[in-house]
Structures are given as structure tokens and as C-alpha cells.
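Scroll down for the structure; my scribbles are underneath it.
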2 protein chains.
Amino acid sequence: MTDPRLDLLRQSLPGLRLETDPAELEHYGRDWTRRWTPAPLAIALPGEVGEVQAIVRWAAAHGVAIVPSGGRTGLSGGAVAANGELVLSLVRMNRVLGFDPVDRTLAVQPGITLQAVHEAAAEHGLAYPVDFAARGSCSIGGNIATNAGGIRVLRHGNTREWIAGLKLVTGSGELLDLGRGLVKNSSGYDLRHLAVGSEGTLGVVVEATLKLTDPPPPTQVMLLALPSFDVLMQVFAALRTRLRLEAFEFFTDRALHHVLAHGGQAPFADVHPYYVVTEFAMQGEADEAAMLAAFEHCVAQGWVGDGVIAQGDAQAAQLWRLREGITESLARHAPYKNDVSVRVSAMPAFLAEAQDLLGREYPRFDVVWFGHVGDGNLHINVLRPEGMDGAEFVGQCEQVTKLLAATLQRHGGSISAEHGMGLVKKPYLWSTRSAAEIEVMRGIRRVLDPHGIMNPGKLFDP
Amino acid sequence: MTDPRLDLLRQSLPGLRLETDPAELEHYGRDWTRRWTPAPLAIALPGEVGEVQAIVRWAAAHGVAIVPSGGRTGLSGGAVAANGELVLSLVRMNRVLGFDPVDRTLAVQPGITLQAVHEAAAEHGLAYPVDFAARGSCSIGGNIATNAGGIRVLRHGNTREWIAGLKLVTGSGELLDLGRGLVKNSSGYDLRHLAVGSEGTLGVVVEATLKLTDPPPPTQVMLLALPSFDVLMQVFAALRTRLRLEAFEFFTDRALHHVLAHGGQAPFADVHPYYVVTEFAMQGEADEAAMLAAFEHCVAQGWVGDGVIAQGDAQAAQLWRLREGITESLARHAPYKNDVSVRVSAMPAFLAEAQDLLGREYPRFDVVWFGHVGDGNLHINVLRPEGMDGAEFVGQCEQVTKLLAATLQRHGGSISAEHGMGLVKKPYLWSTRSAAEIEVMRGIRRVLDPHGIMNPGKLFDP
């Protein structure tokens, strides 16, 4: 027996691909979080913008909630459908629509993967500089929905900076063409920036025009072992003024421990509290001299416990694997993830206080820290002890997250740097945004989604 | 006899500086547009954020409209008070509040001039890269209200890109602390970007945290005379890939004519249809070789009618004066200004059609074109013929602007690239934003300004 509302949808859109098979419901009903049991009403896989509009209008008429869905690689439950929602999956709308060599823009459908965008840009001798590990699975629509960041934000900014235009189907089914590729446009509110980071609560992104840029310069990679986070910040300050940094990533000895246990190669004989992988432009003798001078400066200051400069691409990739392999090496422990940010200047004080807090609250748990120093983004992974039940583990972690949120609030930080709020972070929105701000957000949502059907219950309660 | 509402304001804020002198009313009631007769109720000059909030709450209670006001250098009438509004001038709130060397941010009050920001950044060995001719008078609050652009947008983007945080007093008198200097923050709608470019219709910016960057590299300046706009676009494409462009500005022979009549020095013996002033990084032999190769390439293609590379800073400044002196040289003709944009790739087709249109509609008028090729921004100045009445002139120009707006709409452009909509462009908002977008903007305004007191009648009718 099918839902009579779905019969009406089928009648109005006979060509629509609509799935109700239990395996499909389970597959499309969840993202990389595994806390909720998928229970969508159905999966709609539209092939073009008109179908998306018709689906939204049908949903508005019948009070059906919609979960916009892309690569479902999210870590905050933004794409989970656990309450009889219609999953509106954009995976079939995954084409490049056009390239303009003068504007240096690439128009794409939302379901295209980040990696396919990288490849399309490279075909034209250009680059789309947003990058992170989920590149092969995540979709541009999802990147826009969470204003995705990653490892190159220090130099290139977040997804937001690379959106020249986007088309949004609002919760009323209206198609808004926002930004339209204009570099300069002072004609009212920039609704494009409102859509970026809205996690599907204002509408569905059905097309995006991405800015492209010159490919990155040749680079060099260096790994440093450091005795403390304060020294790490001094090294950051010294390198930032001397080199053209493309990335400056840190991790702790615990993170390295797991990567090595997962097959990574030990870079140094000794164990050190902190490590930094940094990548910077290397285009000639002046850059070479600057690098050596910077390295020698750090050594002369007594900052460097150990260090290695990559000799060739293979070693550079090997050094990067120590950082990029962390998430994969932790996966089998089903870690509880916090993704927080503070101003760069606030990192040492926040980190000290947060490490104290977690040491006190998690005496039995293994806590792994890593992150992006250049943009104030800290990833905290708490590992589930062997034999502990998943629900009990999450319950204990949630208690600590409440304390962590209060610490973040005192330091002016954010409970979600780049993962979004979704279902996971929603209870802690108060720590990052004031009550007045949240009221304004709710009001704005009512303007763009008057029926309350767009990803309800994500980000905040309606 | 004073307005009883003002008596109540004085009673509740006895320390507030409040002006009702007719000379002050006229001075603060208008901006660089001269079309409207100033008629404000009074001028309030608060000294701190709490006073701003109290003023807004008083205005909400008594239904008094507020015109937020900075350097009043606007060209679209956004800061005009011609209908009994209270002018809320931020000129006394003009201090630097703090500098953070790690975050590389400068916290300022909204009344500080752009030039004072440049100077404060330079004191710390850094730069705030937004720049344009009104720098000595315009205020950062006004820059934010219009998302001001200028001559370095090609490389550095608009004001929007440089706002790490801002504090906004909404139309309800709530103080929102938006962005808070976080580089990464995916915790709901980015209301900071909603405030940027909102022209005082959502609230009053009372503080801003500006991102700073490294000072620009040493540069070289080149002036080229070119036979056509199509060639100009080819030169742009050739230089963009070969040089690190900081600016790429064009103007027509009519523009040069006025600058020379105003005391400028003729760069070439002959007259040419188009001129380009371009500035690019020059940091060593590789840059020098690239410049010469690029110049020779353009000459070999037969693109260059004449050209000069500046020999030293004095000549560089002299070449820049040919471009930067245009506005001043036209001032005595009281020009009617259009400030429009299209995608860079759409410039040749739009320019051809617009020049046709203006040649047909303005056979008697002198029309001067100049602008920023790298960001698709064209400035069109129509000069008032000697002896023609100002109101008649504006009336004729408005008729043509309607036609121009329709042309822009066909080419996907904007009726306001960087000046804002204010009173001047408001009638043409339909050409840049769809009816659905305008409805969303109205709805958002009702959320942030429920009493309709924030700069009503600017940007759009309430």
C-alpha cells in the first residue's frame, strides 16, 4: 500500500524517479553520522529544475517535509531523514553546465562531486581551490549547504568565497537566480550568502556558478615536531610572514599514534607533543632561500624538536598522509567528533582550557586533536572505548559537549566550524549565536520557507 | 518650538548630542547627490553603542524614521533625509578600537574614514586593500552599507570580503554581534553578509572588525592606447595570464579630453578611442621579463595604438591621474551618473548595445565612459549641456536610464555595481532583481526592522 500523497506526486510528475524500496530508504535516509534510524517516506531523484520546483510545491500543499540530499558525507546529520520526510536527492543532477574562460566560472548542477569539479577546472587549465578528504563522494550542493572549508582555507577561504552565483528553489517553489556571476552588484541584500551555509532550511540549491582561479604554484611540504602549542603558534607567526603558506595543519602525538598503527610510516625516532604539516609556494631560488632561513630561524629559537623537508613529491605525499590519514585511522573506533573554531589568536587559551576540561571529564577516553591552525579550526575526536555501547558512549560525550560549548562561548568560538549544525550540533546553537540572532534566523526562515517544509528540525527547531 | 518627540528623546538621553539648527539640518540631510531638499527632523550624533540602541528604541516607539549617516559621500541618495527623518550620524564614533596581530584584524567604530583605516593598518605593517577616491571623507560604516568596491576589486574583492565581523543595531534596537572574527563558522545563516550592502535598511552598523593583509608588492604602471573595446578585452585576457594584475582600468577619449581640459598632461600625440591604465606586481627580473614579453606580445598582435610604461613613481602617479582625475574633471558639468555592471564576458556585447542606445537617445549630450574591466563595472557619466536646467536634465536622463535598465536586464547585469540603490536607483531595482527576490528582501526587512523605521524608502518602497 502506498501513501496517497505519493500517488498524487506520481500523477503530477509521471516521469519522476521515485524510490520506496526499503533498501533505498535506508541508503538515502542517512549520512555519515550513524546515530539515527533512517525512516523517509520516499526518495525523489529529479532530473531537472522544473521537477524540483514541482516536488517542493507538492510538498508544501501536502505538508510533507523535504530533506535535500547530496553525497550524504555530512558529519552533523543535516541530510538524515528519520521522520517520514521525502528525501530530495540531487545525485542525478550532476553535470557540468558550462565554462566561461573570460569570467573564469564553471556552472554546475548541485549533485556533481567536488572531485569532478576539480577535474573539470583542470581541463581548462584552472583550479577550484576548496578541497578536503571527502572530495570523491561529497556534492557541491552539500558543500554550499554547509559552507564547507577544508585544508586550504588559510589561503583560499571557504566555499562561500567561490560561489559566483546559485539558483535556489525556495520552500514556496520559487526559483531564485542569485548573484548571477556578477563580481560587483550593490542592488540589495545578497541572498546568495544567505543560502550558503543554510543547510537546506531555506530551499534547495539547484545550480551553482563556481569561480575558478589559477592552479596553485609548485609547493614544498615540511613536517615539524614541536614541544608545545605556544611554540606552535610562534612557528605559525614566523612562517606566515616569511613564506606563502598554502596550508598549516597540526596534530597531536595521539593522532600520529593512530595513523602509525594504521600503517603510516614514523617520521621521527622520538615522540613529540605536537606536529605541524605545512605547505608553501616554492617557485625559485628566492623561495628556497626564504624556506631555509625560516627553518633555521625556528631551529635557532629552540622551537623545533625535529623536522623534515620533503625531498620530492613522493615524500611530500607521505608527510601529508600523516595528517590526512587521521580520520580514516580513527574510523574503526567510531569516534565522537567535535569540530569547533575560535579566533586564531584565541586558540592557545581555548586549547589549554578545553584540554583541561576533557582530561577531567574523559579520564578513560582517548582524545585526539588535530586541525587547521591558520583558520582557528580544531577537530576533537573522542574514541569509543572497546566494549562500550554506542548509545552510552554518545550519551557521555553529549554531556561533555555541553561543557565544551560553554567554554567555547567564553572564548567567542563556534560549536561548528565547518560541519554544519544539522541534528548533531543543534542543541548547542545557543553557545555560538545569541537568542536575538536565532530569532532573526527563524524569522528569515519563515520568509523563504513559509510552510516549514525545508529540512525541518535541522539547525534549529522550527 | 521643538517637536515633543525630540523632548522625550532629550529627556531619556540627556547626554546625547542633538542638533536642530537649520544649517546643521541642511548639512547632514544630504549626500553627494544634490537632487533632494534636505528636511530632517533633527541630527543625533551618538558617542557610543548604548546611545544608538536607545535612539532606535525611541524611534520605534514614536514611529520616527532613521537615516543612518556616515561621510555622506554616497552617489545614490542612500543618506538623504528629505522627509522629516532623524539623521543618526556616526561621525563621532570614529575610533580604532583594537588591533590583533595574530588574527590580523582591526576593530573600528563605523564613523572612521577609509583613509584613517589605511593609516592604522600601515602603522602595523599591514594593509586594508579596499580603496577608492572618496577615501578621505567616506566612512567604513557607509562602505559596509553599500559593499563599496573601487579600483582594487579585481585583485582584492569588495568590502564584503574584508569584514571579519560587525555589530548591528537592528530596527528593534537589538545589538547583534555577527561573525565575531571567526574564519570558519558553520552555525546557521551568515547575517553579517546580509547586513553588508543593506544600505541602512536592516539596522545601523556600530562596529566592524576588518581583515588586514600584507601590503601590496612593489608595482609597475602601464598606459595603453587601444583601437577598440574588443581589442581591449583581448589585451585584458593576455595580461591577466602573464602578469599579477592589481588594477585594470579603462576610459574613453571623451574622458581623457575632460581630464586634459582640467589640467592633465597628454600622454600621447594622437587621440585613440580607448585607454587602459593597468598596475601589476613588479618584484624582480622574472616580473620585468614577463612585463616586456606581455607588452611585446600585445604590440606584435597589432593591438597597441600607443603605450608607455611608467619610469618611476612620479610618472606612475601621473598616469593614474588620467584615470583617477575623471570624476573631478567632470564635476563642474554636474553629470548624471550610471554605475552598472555585467559579467566580464558580457562587457563587449553590452557596451556596444548601450553605446548605440545612448548615441541615439543623447545625440546632444556628452557621454563619458570609464570603469573597471576586471570586474565588469562600467561608469557612464552624462554631462549636462551648458544652459540646461538641472531638473530638466535629470528628467531626460531618467527616461534613458529606463531603457538602459532594460538593456542591462537582457545582459544579466546590475543597475548598481558599487554605489547602492538609495533613492536614485530604486525605480530600477526590477531590472536587476526578480519580483520574487524583491518580495524575499521585503520579508527579511520586516524581520530585522518590524517597525519600518530604518532608512525607509531607500533601496525599495516598504
Side-chain angles (χ1 to χ4, degrees), chain A residues 100 102-103 146-147 149 153 158 160-161 170 174 176-178 180-191 193-194 196-198 233 237 284 286 341-345 372 375-377 412-421 425 429 432-434 436-437 440-441 443-444 447-448 459-460, chain B residues 100 102-103 146-147 149 153 158 160-161 170 174 176-178 180-191 193-194 196-198 233 237 284 286 341-345 375-377 412-421 425 429 432-434 436-438 440-441 443-444 447-448 459-460:
Chain A
D100 191 299
V102 178
D103 297 327
T146 55
N147 185 27
V153 168
N158 298 290
R160 176 183 303 290
E161 270 76 52
T170 69
E174 292 276 4
L176 305 183
D177 188 2
L178 305 174
R180 294 182 293 123
L182 295 169
V183 181
K184 276 186 177 172
N185 180 11
S186 181
S187 66
Y189 313 153
D190 197 329
L191 304 178
H193 281 294
L194 200 55
V196 176
S198 64
M233 291 300 291
S341 66
V342 290
R343 281 172 293 109
V344 179
S345 61
H372 320 284
D375 49 47
N377 184 183
S414 172
I415 190 73
S416 178
E418 56 182 5
H419 293 173
M421 303 301 290
K425 306 290 186 72
L429 185 59
T432 305
R433 310 293 293 261
S434 70
E437 278 182 86
V440 169
M441 289 200 274
I444 289 172
V447 173
L448 279 134
L459 177 50
F460 43 50
Chain B
D100 190 299
V102 179
D103 297 328
T146 56
N147 185 25
V153 169
N158 298 289
R160 176 183 303 290
E161 269 77 51
T170 69
E174 292 276 5
L176 305 183
D177 188 2
L178 305 174
R180 294 181 294 124
L182 295 170
V183 181
K184 276 186 176 171
N185 181 10
S186 181
S187 67
Y189 313 155
D190 197 329
L191 304 177
H193 280 295
L194 200 55
V196 176
S198 64
M233 290 299 290
S341 65
V342 289
R343 280 173 291 110
V344 178
S345 61
D375 49 47
N377 184 184
S414 172
I415 191 72
S416 177
E418 57 182 3
H419 293 175
M421 303 301 290
K425 305 292 185 71
L429 185 59
T432 303
R433 309 294 292 261
S434 69
E437 277 182 86
I438 295 170
V440 169
M441 289 200 275
I444 289 172
V447 172
L448 280 134
L459 178 50
F460 43 50

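Labels below follow one simple rule: chain letters A, B, ... track the order of the sequence lines, proteins then strands, and each chain is numbered from 1.
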Practice task
Check for a donor-acceptor pair, side chain of B/Arg180 on one end and backbone N or O of A/Arg343 on the other, with a separation under 3.5 Å.
Solution key: no

Exercise for the section: Can you tell which part of A/Val440 gets under 4.5 Å to a heavy atom of chain B, answering side chain, backbone, both or neither? Expected result: both

Practice task
Would you mind checking which part of A/Asp100 comes under 4.5 Å of any heavy atom in chain B, side chain (CB onward), backbone (N, CA, C, O), both or neither?
Solution key: side chain

Handout entry: Verdict with reasoning, B/Ser187 to A/Arg433, per side chain to side chain contact (heavy atoms under 4.5 Å, CB included)
Key = CA-CA 8 Å; B/Ser187 67; A/Arg433 310 293 293 261; 3.7 Å; yes

Exercise for the section: List in chain and number order the residues that pass side-chain contact (heavy atoms from CB on, under 4.5 Å) with A/Arg160, two or more places apart in sequence or in another chain; answer none if no residue qualifies. Expected result: A/Asn147, A/His193, A/Val196, B/Asp190, B/His193

Handout entry: Which of B/Ile415, B/Thr170, B/Leu176 touches chain A most, by non-hydrogen pairs under 4.5 Å
Key = B/Leu176

Problem - For chain A, the option from B/Ser434, B/Gly149, B/Gly412 that forms the most heavy-atom pairs under 4.5 Å - result: B/Gly412

Practice task
In sequence, state the C-alpha distance, the side-chain angles, and the governing distance for A/His372 and B/Lys184, and then conclude on side chain to side chain contact (heavy atoms under 4.5 Å, CB included).
Solution key: CA-CA 10 Å; A/His372 320 284; B/Lys184 276 186 176 171; 3.0 Å; yes

Handout entry: Under 3.5 Å: donor-acceptor pair, side chain of B/Asp103, backbone of A/Ser345
Key = yes

Problem - side chain to side chain contact (heavy atoms under 4.5 Å, CB included) between B/Ile444 and A/Leu191, worked out - result: CA-CA 10 Å; B/Ile444 289 172; A/Leu191 304 178; 3.6 Å; yes

Completion exercise
In terms of heavy-atom pairs under 4.5 Å with chain A, the winner among B/Asn185, B/Leu194, B/Val447, B/Val344 is B/Asn185

Exercise for the section: Tell me, out of B/Ala417, B/Ala237, B/Gly443, B/Ser414, who's got the most heavy-atom pairs with chain A below 4.5 Å. Expected result: B/Ala417

Practice task
Select one option (side chain, backbone, both, neither) describing which atoms of A/Ala436 are under 4.5 Å from chain B's heavy atoms.
Solution key: both

Completion exercise
Heaviest contributor of heavy-atom pairs below 4.5 Å to chain B, chosen from A/Leu448, A/Asp177, A/Asn158, A/Leu429, is A/Asn158

Handout entry: Best-contacting candidate, B/Val342, B/Asn377, B/Ile438, against chain A by heavy atom pairs under 4.5 angstrom
Key = B/Asn377

Exercise for the section: Verify, without hydrogens or angle tests, whether A/Ser416 (side chain) and B/Ser186 (backbone) share a donor-acceptor contact under 3.5 angstrom. Expected result: yes

Practice task
Check whether A/Glu418 gets within reach of chain B through its side chain, its backbone, both or neither, counting any heavy atom under 4.5 Å.
Solution key: both

